[in-house]
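Scroll down for the structure; my scribbles are underneath it.
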Amino acid sequence: MHPLDDPCPPQPSALEKIWHTLEQVPYGRVVTYGQLADLAGQPGRARLAARALKLAPTERSLPWYRVIGAGGKITIPKTSPGYQRQIEHLRNEGVTVNQGRVKMSEYQWQPDLAELLWQLDY
DNA sequence: CTCGTGACTGCTT
DNA sequence: GAAGCAGCCACGA
């Protein structure tokens, strides 16, 4: 092997990991920014998850609206058009939204072991 | 390099 | 509940 050859294959970027994990979130369920980051192998980096959503390529049509703030609160600024759009998307999937809040005990996604292992294979 | 800015969180008033 | 704040971290000015 040439000494300058990269001995390691290219790693998926943190953003890619976030997007990939987001794709696993099932219809009608939600995750928090922090949870999404954790599941993507980026513990404690909730703001990274938020940024990943904002930068997500539209052609990938990710379920960005299934990501909400800790405690079930919609954290998109109310002044943003995305705020209402997120609520509409969630309601279309049967998720109840009251006062900009989602009942986490009812809708939060909790991946089982098989799903986690599937993702590790990525 | 420093600073301000978030689609964040958790803790304290 | 609401508001403030420190910790957080990538980004751009």
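In the text below, chain A, chain B and the rest are named by the order of the sequence lines, each starting its count at 1.
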Rounding to an integer number of Å, can you tell me how far [X] [atom1] sits from [N] [atom2]?
X       : N      : atom1 : atom2 : answer
A/Trp64 : B/dA7  : CH2   : P     : 13 Å
A/Tyr33 : B/dC8  : OH    : C1'   : 8 Å
A/Arg45 : C/dC11 : CZ    : C1'   : 13 Å
A/Leu36 : C/dC8  : CG    : P     : 21 Å
A/Asp38 : B/dC8  : CG    : C1'   : 12 Å
A/Leu15 : B/dA7  : CG    : C1'   : 14 Å
A/Arg47 : B/dG10 : CZ    : P     : 13 Å
A/Leu55 : B/dG6  : CG    : P     : 14 Å

Check the pair A/Glu106, A/Val95 against side-chain contact (heavy atoms from CB on, under 4.5 Å), reporting the backbone distance first and the verdict last. CA-CA 9 Å; A/Glu106 189 167 352; A/Val95 176; over 6 Å; no
If you check every side-chain atom of A/Thr32, which of B/dT9, C/dC11, C/dG1 has the closest atom? B/dT9
C/dC9 phosphate, OP1 or OP2, under 4.0 Å from A/Arg51 side-chain N/O: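 No, because none of the side-chain N or O atoms of A/Arg51 sits under 4.0 Å from OP1 or OP2 of C/dC9.
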Please give the distance between the C1' atoms of B/dG6 and C/dC8 as a whole number of Å. 12 Å
What distance, rounded to whole Å, do you find between the two P atoms, one in C/dG7 and one in B/dA7?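 Here C/dG7 and B/dA7 have their P atoms 22 Å from each other.
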List the atom of A/Gln35, the atom of A/Trp109, and the distance in Å for their closest heavy-atom pair. NE2-O, 2.7 Å
With the side chain counted from C-beta on, respond yes when A/Glu93 and A/Tyr107 share a heavy-atom pair under 4.5 Å apart, and no when they do not. no
Hphob cluster co-occupancy, A/Tyr27 + A/Val67, side-chain heavy atoms under 4.5 angstrom: no
